Structures are given as structure tokens and as C-alpha cells.
Amino acid sequence: MPDPTLPDVQMNLVRPKEPVIGRLVGSESCMKGRSASFVRHVDIDVSGTPLEGNFRAGQAFGVVPPGCTAQGKPHSVRLYSIASPSWGEDGEGKVLSTTVKRVIDERDTDDAQVHDLFLGVCSNWLCDIALDAEVPVTGPSGKRFLLPERPNDHNYVFVATGTGIAPFRGMVKELLEHPDGPCTSQIHLALGVPYGTDLMYDDLFTTLAQSHDNFHYHTAISRPETGKRRYVDRVIVESEAITALLANERTLLYICGLKGMEDGIYRHLLEQGIVDQYLNWPDDIPREPSNVSERKVRAGARCMVEVY
Ligand code: A2P
């Protein structure tokens, strides 16, 4: 089975120094319930800008929040994953979407006396603004975290933590809601979140799983009220169906979310004897589970990784 062919994509049509103006046309909570965190699905109309029709599921775009830093410099661009299929929310590539989690935290400093509330500038601005507000946008960026050119040639294992779900919303919609008919390959999506109420797009994925026999939706809750804490890599390790699918040479593995989430998955690939299908493991690194976190083991052509 040859390596997947990825499509040619447009990159950096709009540079961070000269953003163009999009407009907010949708903003709604995409969480299953009320939670300590807030995540919104945000739609931005980019029609008439170079971004129109020129982005793909899995790419990112930039947002430049208005205003200046405490040092008086204009805010820098922030990157957000596109949560839409390549044809956008409107079917014509005019409206793209993303998944924005409000960054709310106590400031973490070396000084125990400094622990005031920190609000992420761009995420909170994007979640606060009203419909029709102007949104300075840039991009698109990213040329590897993409669906292959011939989707039906492959199976898919998508693994996300938190808002790492964004690109998979777009990709799953692209595969299953394609105008030429749904992809018939096996598709597994696994999402890990702290609480059950944090699940994002849960209705969409549940409905798609009910209507497509080839789509399987799994969740892992890390801080359940009762029962065992579970990280998303356990879904992969414990599922016989996913493990068998990973052994299939047509399968592609996509990982998006917190840095470190890939380690448990890589160890599982090693234990299953299929690590070379997905990773480039240098000859001078012993093939031991502890070495996956050495950062010397790199994703290969069938493994797409976005961790931060
Ligand atoms: P926890 O924070 O309970 O340790 P969010 O981005 O909304 O915080 O969600 C990220 C999810 O990923 C949380 O459930 C978090 O668990 C979990 N998580 C943290 N570290 C890892 C890891 N190394 N592998 C897999 N999941 C992780």
C-alpha cells in the first residue's frame, strides 16, 4: 500500500501583518452541558477575502485580536484549527468555523504572591463578540494535517483531547457528508475530556454514529464523578476493533490535542509490532516503550500529529 497522497493546499494567502476582515456569523456553545470551562463553536464569514474557497479541513487560520499588549504593541496573531469541512459551513467555502475554549486561569508565576486571574486575550474576545462583529483573519496554514486525496483508499483513527476535536469535526463531516456520497471506510473517533459535560459536538457525533455503520464514536472522561479516570489513549489500547484497524495497512492515524497524548498511543503501536507503519523510529534508539517520549521518534507518512 503506497503512502497517502495529500492534496496541494493554499498557504499564507493572508499574512499576519495584513489581516483581512471576516465577520462573525455564528457563535454557540458546543459543549454537552454546563461545565467549569466554556467552549464555543464560532462561524466566520470570509467571503470576498483570499480565504474564501481556499481552506481545507485540518488547516488552521489566524485571528488578530484588536488592541495592544501591556507593552503597547499590537496583539499578535493566534492560530485556530478549522472545524469545518473544506467546503465550509455554507457549502461554498465562504464561512469557516473553529472551536474556541475560553482561556481562564490563575496566573502561574514563581512569586507565590502573584496569582491573579488570567484571561486569554483572543479566546475571550472571540467568545465575547456579537454577531456581525469584524474579525481580522489570516492564513490559511498547515500542509500535513489533512485528509488524503483519495479518502476511500484509507481507514481512519482520529484521536483528540479537548479542543483538539476541532479538525476532526471538519474531517468527519467531510468524509460522511460528502456531496458525492459518504466515505465507506472504517472511521473511529476518540475524544478525551475532563468531565462528561465537556464533550464537544456530542450530538453531531452521536447522530452520525447512529446513521453510519462505519463511523464509531468513543469518549474518555478523565475526571468522572464516579468510576475510573480514563485518558483517551486507553480507548485505543482497550478497543480490539481499533487495534485491529491500526494493523491494517490502509489505516491512517490522526492525533490532535495536548502534548504527551501521543505517548500512550505510540507505546501501543510498539507493543502491537506495528510501530513502523506509523512512526519513523531511528535505528540508534532502542525499541523500548520508554523511548517514545524521547521526541526522537517521529510521525511517519501515515500518522498526522498536532500537539501543543
Ligand atoms: P486531566 O486534565 O483530567 O488530567 P481540556 O483541554 O479540556 O483540559 O481536555 C484535555 C483532556 O486531556 C483532559 O481530560 C485531560 O485530563 C486529558 N489529558 C491530559 N494529559 C493527557 C495525556 N498525556 N494523554 C491523554 N489525555 C490527557
Side-chain angles (χ1 to χ4, degrees), residues 28-42 60 78-83 98-108 117-120 122-124 126-127 145 157-170 188-205 217-239 242-243 246 253-272 275 278-279 289-295 297-299 303-308:
E28 59 180 19
S29 170
C30 57
M31 302 176 75
K32 191 173 163 89
R34 284 186 70 83
S35 171
S37 52
F38 304 93
V39 184
R40 297 186 80 80
H41 176 78
V42 164
R78 268 66 164 188
L79 294 185
Y80 289 92
S81 284
I82 292 173
T98 187
T99 313
V100 188
K101 179 177 183 178
R102 287 184 186 267
V103 175
I104 304 173
D105 212 346
E106 280 188 346
R107 209 174 296 273
D108 186 13
L117 186 67
F118 171 81
L119 295 178
C122 195
S123 65
N124 282 290
L126 254 183
C127 287
F145 201 85
V157 176
F158 297 127
V159 193
T161 55
T163 51
I165 194 66
F168 300 139
R169 174 188 181 268
H188 284 262
L189 170 68
L191 168 61
V193 291
Y195 304 101
T197 46
D198 289 323
L199 290 168
M200 286 151 281
Y201 307 116
D202 186 65
D203 278 353
L204 170 75
F205 296 131
Y217 172 49
H218 313 260
T219 59
I221 308 299
S222 63
R223 306 177 204 173
E225 263 180 54
T226 55
K228 225 172 118 204
R229 293 173 60 98
R230 198 155 175 254
Y231 273 0
V232 72
D233 47 283
R234 295 312 298 170
V235 171
I236 311 304
V237 172
E238 289 165 13
S239 163
I242 297 178
T243 301
L246 286 168
L253 171 62
Y254 292 72
I255 299 171
C256 187
L258 294 179
K259 205 181 196 85
M261 67 174 287
E262 69 277 35
D263 292 356
I265 304 169
Y266 289 1
R267 281 195 292 273
H268 184 58
L269 297 175
L270 183 66
E271 278 156 19
Q272 294 297 312
V275 78
Y278 298 97
L279 305 179
S290 58
N291 282 336
V292 299
S293 42
E294 279 290 300
R295 304 279 162 253
V297 174
R298 296 255 169 245
C303 183
M304 324 296 171
V305 184
E306 281 281 344
V307 288
Y308 36 81

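Order of appearance sets the numbers: ligands from 1, and atoms from 1 within every ligand. Being a predicted model, the structure only gives us computed values, none of them experimental. Along the sequence shown, residues are numbered consecutively beginning with 1.
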Where is the tightest heavy-atom contact between [X] and [Y], given as atom of each residue plus distance?
{"X": "Met261", "Y": "Val159", "value": "CE-O, 3.6 Å"}
{"X": "Thr161", "Y": "Gly257", "value": "OG1-CA, 3.3 Å"}
{"X": "Ala190", "Y": "Val235", "value": "CB-CG1, 3.9 Å"}
{"X": "Ser81", "Y": "Thr98", "value": "O-OG1, 2.7 Å"}
{"X": "Leu117", "Y": "Arg107", "value": "O-NH2, 3.8 Å"}
{"X": "Ala299", "Y": "Leu279", "value": "CA-CD2, 3.8 Å"}

Legend entry - Sequence-distant partners of Tyr201, ring pair (Phe, Tyr, Trp, His ring centres under 6.0 Å), two or more places apart: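 Only His41 meet the ring pair (Phe, Tyr, Trp, His ring centres under 6.0 Å) criterion with Tyr201.
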
Nitrogen or oxygen of [X] less than 3.5 angstrom from that of ligand 1:
{"X": "Val193", "result": "yes"}
{"X": "Thr163", "result": "no"}
{"X": "Ser222", "result": "yes"}
{"X": "Lys101", "result": "yes"}

Taking 4.0 angstrom as the limit and counting only heavy atoms of [X], give me the atoms of ligand 1 inside it, by number and element.
{"X": "Gly192", "result": "11 (C)"}
{"X": "Leu258", "result": "10 (C), 12 (O), 18 (N), 19 (C), 20 (N)"}
{"X": "Arg223", "result": "1 (P), 2 (O), 3 (O)"}
{"X": "Met261", "result": "22 (C), 23 (N), 24 (N), 25 (C)"}
{"X": "Arg229", "result": "3 (O), 4 (O)"}
{"X": "Asp233", "result": "24 (N), 25 (C)"}

Legend entry - Whether Tyr254 and Phe168 hold their rings parallel, tilted or perpendicular, with breakpoints at 30° and 60°: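 Correct class here is perpendicular.
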
Starting from [atom], what is the nearest protein heavy atom, named by residue and atom, and what distance separates them?
{"atom": "atom 4 (O) of ligand 1", "answer": "Tyr231 OH, 2.5 Å"}
{"atom": "atom 9 (O) of ligand 1", "answer": "Pro194 CD, 3.5 Å"}
{"atom": "atom 6 (O) of ligand 1", "answer": "Gly162 CA, 3.7 Å"}

Inset, instruction - Have a look at Gly260, Gly264, Ala36 and point out the one with the heavy atom closest to atom 23 (N) of ligand 1. - result: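 Nearest option to atom 23 (N) of ligand 1, by heavy atoms: Gly260.
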
Legend entry - Nearest-option assignment for atom 12 (O) of ligand 1, heavy atoms, candidates Val159, Asp198, Thr161: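 Going through Val159, Asp198, Thr161 one by one, Thr161 has the nearest heavy atom to atom 12 (O) of ligand 1.
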
Legend entry - Side-chain heavy-atom pair Ile242, His218 within 4.5 angstrom cut-off: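 Yes, side chains in contact.
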
Legend entry - Positive for side chain to side chain contact (heavy atoms under 4.5 Å, CB included) with Cys30, one of Ile165, Thr163, Thr99: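 Running side chain to side chain contact (heavy atoms under 4.5 Å, CB included) over Ile165, Thr163, Thr99 with Cys30 returns exactly one hit, Thr99.
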
